[in-house]
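What follows is a set of notes on a single structure, which appears directly below.
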2 protein chains.
Amino acid sequence: MRHKQVNLSKNQQIVLETIRKAKKPLKAYSILSSVKKKGINAPPQVYRALEKLVELGVIHKIESKNAFVDCKNSECETSKATAFSICKKCQKITEIMNSKLSTYLTNFQDNTGMKYEKYNLEFYGLCKRCKL
Amino acid sequence: MRHKQVNLSKNQQIVLETIRKAKKPLKAYSILSSVKKKGINAPPQVYRALEKLVELGVIHKIESKNAFVDCKNSECETSKATAFSICKKCQKITEIMNSKLSTYLTNFQDNTGMKYEKYNLEFYGLCKRCKL
DNA sequence: TAACGCTTGTTATAATATAACATTATAACA
DNA sequence: TGTTATAATGTTATATTATAACAAGCGTTA
């Protein structure tokens, strides 16, 4: 498995490392405060790194949370097909990797004549533990 | 297509009317400036109305745009199952009403043991006109 | 070298959203 | 009707999320 990390700039690497170390999705300003000690001082530096990392598909943005997680799917080349489950109680977020689902959605066509290039799906509910 | 009949408060009605008149998704502060002449002066008034309307399922939030559209689906009782197509070029947003899709997603199960109560799906691409 | 593209650093500000609190309206019902 | 509970309102202030704008550095390559 090859890592695109090789091609990342310094700030991009720092931000990615921070996200990878986290057990949960991180928000931009939380990342910012984590990386201040590494010389990243201002929001644009974080947001620029995030934008690039999302573009590369190595992280994903959870739109309904304004938070970022690293992509656990090693085959994920870009961020064009993403699905997450979000626990309403503990906020745990998991990337759903289900080939039937992704095939279904990637091939989905409706009658509007639109050509879909990308999708993002977010499921909400209670995770196994919080159901108890 | 019939709109849903619901008992709404004054501010909720004003906000809903504004969204219904719009041809495209509206952002909260854009709504705010539209309704200033009707006596709504501050963000919380708009956000509270929006929150309630979303809860009732008469409008939906497009998470990736921080914008709100009215629900065109007269059978949509709550905001538990939503799907949209978003044109990357003209920003046109359409609610997807496809029973096969909603059945598929509503019944979707993965192996995490999570029980899904709600989902939101956003497709991105080029609409018919922008493809030309 | 010069021109270019990309990343960086920096300050300032825009855009989105909520906290907190006081007040008023409405609904439910004894 | 009066009483209570709940929902909605109005208001100020502030928190949170994100981008604009500009200057400068660095490596590539023409």
Side-chain angles (χ1 to χ4, degrees), chain A residues 4-19 22 24-56 58-69 79 86 88 91 93 120 122 124, chain B residues 5-19 22 24-69 78-79 86 88 91 93 120 122:
Chain A
K4 291 166 189 154
Q5 194 174 345
V6 173
N7 301 321
L8 298 177
S9 75
K10 185 174 140 245
N11 286 2
Q12 289 161 7
Q13 281 177 36
I14 292 171
V15 168
L16 179 56
E17 281 312 301
T18 305
I19 292 172
K24 51 170 188 154
L26 294 183
K27 302 197 156 217
Y29 276 73
S30 147
I31 293 169
L32 176 57
S33 70
S34 297
V35 300
K36 281 228 161 119
K37 52 184 175 297
K38 292 192 176 157
I40 295 180
N41 301 301
Q45 297 174 283
V46 170
Y47 279 100
R48 284 192 290 230
L50 289 172
E51 184 184 26
K52 197 60 189 290
L53 293 169
V54 165
E55 222 175 280
L56 293 171
V58 296
I59 66 172
H60 301 305
K61 180 173 186 179
I62 310 297
E63 294 289 355
S64 63
K65 300 288 174 189
N66 300 313
F68 300 84
V69 288
S79 53
I86 303 172
K88 289 156 95 169
Q91 302 295 316
I93 297 183
N120 179 56
E122 298 179 7
Y124 308 86
Chain B
Q5 312 295 328
V6 185
N7 265 346
L8 298 179
S9 75
K10 186 173 140 251
N11 285 2
Q12 289 160 10
Q13 281 174 37
I14 293 171
V15 168
L16 179 55
E17 280 313 300
T18 305
I19 292 173
K24 50 170 189 156
L26 294 183
K27 301 196 157 217
Y29 275 74
S30 147
I31 294 169
L32 177 56
S33 70
S34 298
V35 300
K36 281 230 161 117
K37 53 184 174 295
K38 293 191 175 155
I40 296 181
N41 300 303
Q45 296 173 282
V46 171
Y47 279 101
R48 285 192 290 231
L50 289 172
E51 184 184 27
K52 197 59 189 293
L53 294 169
V54 165
E55 224 174 280
L56 293 170
V58 295
I59 66 171
H60 300 303
K61 181 173 186 180
I62 311 296
E63 294 289 354
S64 63
K65 301 287 175 189
N66 300 313
F68 299 84
V69 289
T78 63
S79 51
I86 303 171
K88 290 156 96 169
Q91 301 296 315
I93 297 184
N120 178 55
E122 299 179 7

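Lettering follows sequence order; numbering is per chain, from 1.
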Rounded interatomic separation in angstrom, taking [atom1] from [X] and [atom2] from [N]:
X: A:K38; N: C:dT8; atom1: NZ; atom2: C1'; answer: 18 Å
X: B:E63; N: D:dA18; atom1: CD; atom2: P; answer: 12 Å
X: A:K36; N: C:dG9; atom1: NZ; atom2: C1'; answer: 14 Å
X: A:K10; N: C:dG9; atom1: NZ; atom2: C1'; answer: 10 Å
X: A:K52; N: C:dG5; atom1: NZ; atom2: P; answer: 14 Å
X: B:L53; N: D:dA7; atom1: CG; atom2: C1'; answer: 14 Å
X: A:L56; N: C:dT7; atom1: CG; atom2: C1'; answer: 14 Å

Dump every N/O contact between nucleotides 4-6 of chain D and the protein below 3.5 Å, one line per pair.
none

Requested in this report: List in chain and number order the residues that pass salt bridge (Lys or Arg N to Asp or Glu O under 4.0 Å) with A:K88, two or more places apart in sequence or in another chain; answer none if no residue qualifies.
Outcome: B:E117
Point-to-point distance, once rounded to the nearest 0.5 Å, from [atom1] of [X] to [atom2] of [Y]:
X: B:L53; Y: B:S9; atom1: CG; atom2: OG; answer: 8.0 Å
X: B:F68; Y: B:I31; atom1: CZ; atom2: CD1; answer: 6.5 Å
X: A:Q12; Y: A:I14; atom1: CD; atom2: CD1; answer: 10.5 Å
X: A:N11; Y: A:L16; atom1: CG; atom2: CG; answer: 12.5 Å
X: A:I62; Y: A:K27; atom1: CD1; atom2: NZ; answer: 11.5 Å
X: B:N66; Y: A:E63; atom1: CG; atom2: CD; answer: 8.0 Å

Side-chain heavy-atom pair [X], [Y] within 4.5 angstrom cut-off:
X: A:V15; Y: A:L8; result: no
X: B:V58; Y: B:I19; result: no
X: B:E55; Y: B:E51; result: yes

Respond yes when some side-chain nitrogen or oxygen of [X] is under 4.0 Å from OP1 or OP2 of [N], and no when none is.
X: B:N11; N: D:dA7; result: no
X: B:N66; N: D:dT17; result: no
X: B:S9; N: D:dT9; result: yes
X: A:Q45; N: C:dT8; result: no

As a test of reading the structure: which of [options] is closest to the side chain of [X], going by heavy atoms?
X: A:Y47; options: D:dA18, C:dT7, D:dT9; answer: D:dA18
X: B:Q12; options: C:dT8, D:dA18, D:dA8; answer: D:dA8
X: A:P43; options: C:dT7, D:dA8, D:dT19; answer: D:dT19

**Report entry** Duplex segments of DNA chain C, taken as runs of at least three Watson-Crick or G-U pairs that stay under 3.5 Å
**Finding:** C:1-30 with D:1-30
Query - Interface residues of residues 25-35 of chain A with DNA chain D (non-hydrogen, below 4.0 angstrom) - result: A:K27, A:Y29
Requested in this report: Looking at every strand, decide which applies to A:K65 at a 4.0 Å heavy-atom threshold: base, sugar-phosphate, or nothing.
Outcome: nothing
Query - side-chain contact (heavy atoms from CB on, under 4.5 Å) partners for A:S33, two or more places apart - result: none
Report summary line: Each nucleotide of nucleotides 20-27 of chain D classed B (base within 4.0 Å of a protein heavy atom), S (only sugar-phosphate) or -, in 5' to 3' order, makes BB------
Query raised in the report: B:K65: what forms a side chain to side chain donor-acceptor pair (under 3.5 Å) with it, not counting sequence neighbours?
Result: B:Q91
Report task. Using side chain to side chain donor-acceptor pair (under 3.5 Å) as the criterion, list what pairs up with B:E122, not counting sequence neighbours. Result -> B:S64, B:N120, B:Y124
Would you list the atom pairs, donor with acceptor, under 3.5 Å between side chains in residues 37-47 of chain A and any protein atom, with sequence neighbours excluded?
from: A:K37; atom 1: NZ; to: A:S34; atom 2: O; distance (Å): 2.7
from: A:N41; atom 1: ND2; to: A:G39; atom 2: O; distance (Å): 3.3
from: A:Q45; atom 1: OE1; to: A:N41; atom 2: N; distance (Å): 3.0
from: A:Q45; atom 1: OE1; to: A:A42; atom 2: N; distance (Å): 2.9

Query - Nearest-nucleotide comparison on DNA chain D, the residue closer to the 5′ end among A:F68 and B:I40 - result: B:I40
